[in-house]
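Structure record follows, encoded as structure tokens.
In what follows, every heavy atom counts, from backbone to side chain, and hydrogens, waters and symmetry copies are set aside. Note that ligands are numbered from 1 as they come in the structure, with each ligand's atoms numbered from 1 the same way.
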Amino acid sequence: MLAASCPIDLDLETDLDPDVKSWLAFSVQKIGELATLGRVLAKGWEEAADVLAASEGAAVTRETSPNVHNENVAKRMAAIDDGMRRRRSSFARRAEVQRARFGLPTFPTTTIGSFPQTAEVRKARAAHARGTMSDAQHEQFLKEQTARAVRRQEDIGLDVLVHGEFERNDMVQYFGEQLSGFAFTKHGWVQSYGSRCVRLPILFGDVSRPKPMAVEWWRYAQSLTKKPLKAMVTGPVTILNWSFVRDDIPRSEACRQIALAIRDEVIDLERSGAMMIQIDEAALREGLPLRKSQCKTYLGWAVDSFRICSSGVADETQIHTHMCYSEFNDIIDAIAAMDVDVISIETSRSKMQLLDAFKSYKYPNEIGPGVYDIHSPRVPDAAEMKNLIALARQRLSDAQLSINPDCGLKTRRWDEVRPALINMVAAARELRAAS
Ligand code: GLN
Ligand code: ZN
């Protein structure tokens, strides 16, 4: 989405590592480079000797910098084998084990991960960033928000809970900040869509994970409830697609490095007791190249990366994924090849037409087609959601279906989310009673 835009001025970035900075150029610097080339063309190389020497020096440090090249990562990349890309058993076998483990009802209800990032949450984050709220105070605040979200989900009657993601500024930034190989800017804004702007992480070096990233928040939230609580991580393809990516190795390789780091996280979550782990791939579809001839290659390494990060767990651990704007008809093979236990997708606005791909293609695993459009403040009633589920049932079997909103709820308000989810749970219960 953003690959074409470029932030304005690198000189504003006073906190970037000087080496990393010397390898980058934003718009102002690129215009400077053009001017240099102009001078060179007009008057010869000597005209720009200093600038060219500095540029050459930066290229050499980048080629040899230990911040860019990590031997351990290279070793792990070389050691990726087919066993790391495959769950231990087939989906049919896993589904059986998981069904026995969780004992969920038909049409189990869940959400996509985030709950409202209220003004209060954003204010606390800003105060923490400014230093007027201490680390301890902020953590306490986030714990209270999380605990309240868990209680609310229990009251609503959802079957599978989430922690709410209150600690996350953004689903990619949150992980990028904890991984080696990423840098962040203060002013590197680029347009995302409309008036929405983001500061993309800069992926400049080999990626590794110094320590667990999402385990503690999951552990805290799960300690508050007996219901299964899905752990949330962002997937490698989405992290890659929503970052500026180094150009000295292929994107596929950078993506597999991230996949190894996320794989470590997924395994740590399982070890800590997480029974369901959702690996969000919101941006997998949007990374599809415009040229048809390149799509197969992209999907090949994107799916491969997903399998690497998701296949290190036991059969009884349920892997979920979530995708936005899922126009699946042309990529349904790739979706199936991800071999994820449960996928949630956006389908409500299209009235389940996005499920057309599933008419002719027998998708084998579980699916949660979104039944509630979270992009609008409107609260759908239970009858409306039941109608959407009825449409989904024309294309998918009851055993395959789970019930969830279209996407994360962070942009909504609690007074919209609560009634909508109550209606969603009512819809699922009514259908259960009738079937
Ligand atoms: N888990 C994320 C959330 O709920 C997923 C967001 C997304 O797909 N864009 O916010
Ligand atoms: Zn989404």
Under 4.0 Å from a heavy atom of [X]: which atoms of ligand 1 are those, numbered in the order shown and with their elements?
| X | answer |
| --- | --- |
| His322 | 7 (C), 8 (O) |
| Cys324 | 7 (C), 8 (O), 9 (N) |
| Cys407 | 7 (C), 8 (O), 9 (N) |
| Gly408 | 3 (C), 4 (O), 10 (O) |
| Ala282 | 7 (C), 8 (O), 9 (N) |

Note to self: Tell me the protein heavy atom at minimum distance from atom 10 (O) of ligand 1, and give that distance in Å.
What the structure shows: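 Nearest protein contact, heavy atoms only, for atom 10 (O) of ligand 1 is Ser114 OG, 2.7 Å.
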
Can you check whether [X] has an N/O within less than 3.5 Å of an N/O in ligand 1?
| X | answer |
| --- | --- |
| Gln278 | no |
| Ile112 | yes |
| Glu165 | yes |
| Asp280 | yes |

Next item on the list: With sequence neighbours excluded, give me every ring-ring contact (aromatic ring centres under 6.0 Å, His included) pair touching residues 151-187.
Entry: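 Pairs touching residues 151-187 that pass the test: none.
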
Using only atom types and a distance under 3.5 Å, with no angle test, would you say the side chain of [X] pairs donor to acceptor with the backbone of [Y]?
| X | Y | answer |
| --- | --- | --- |
| Thr238 | Ala283 | yes |
| Asp341 | Ile319 | yes |
| Gln222 | Ala274 | no |

Next item on the list: Tell me, please, which residues at least two apart from Pro377 pass side-chain contact (heavy atoms from CB on, under 4.5 Å).
Entry: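 Counting only residues at least two positions away or on another chain, Pro377 forms a side-chain contact (heavy atoms from CB on, under 4.5 Å) with Arg412, Glu416.
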
Next item on the list: Just say parallel, tilted or perpendicular for the rings of Phe204 and Trp23, cut-offs at 30° and 60°.
Entry: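 Tilted: the ring planes of Phe204 and Trp23 meet at 30° to 60°.
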
Next item on the list: Look at the aromatic rings of Trp414 and Phe115 and report parallel, tilted or perpendicular, splitting at 30° and 60°.
Entry: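 Trp414 vs Phe115 ring planes: parallel.
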
Check: Would you say Leu12 has more than 12 foreign heavy atoms packed within less than 6.0 Å of its CG?
Finding: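 It does: Leu12 CG has more than 12 such atoms within range.
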
Item checked: Pair His69, Asp206: side-chain N/O donor-acceptor within cut-off below 3.5 Å ->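 There is no such pair (donor and acceptor under 3.5 Å, judged by atom type) between the side chains of His69 and Asp206.
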
Check: At the Zn ion (ligand 2), what's the angle from Cys324 SG to Cys407 SG, rounded to 10 degrees?
Finding: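 About 120°, to the nearest ten degrees.
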
Item checked: Per atom 7 (C) of ligand 1, closest listed option by heavy atom (Met171, Glu281, Met232) ->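 Heavy atom nearest to atom 7 (C) of ligand 1 belongs to Met171.
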
Next item on the list: Check Met323 against ligand 1 and report side chain, backbone, both or neither, counting heavy atoms closer than 4.0 Å.
Entry: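 It is neither; nothing of Met323 touches ligand 1.
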
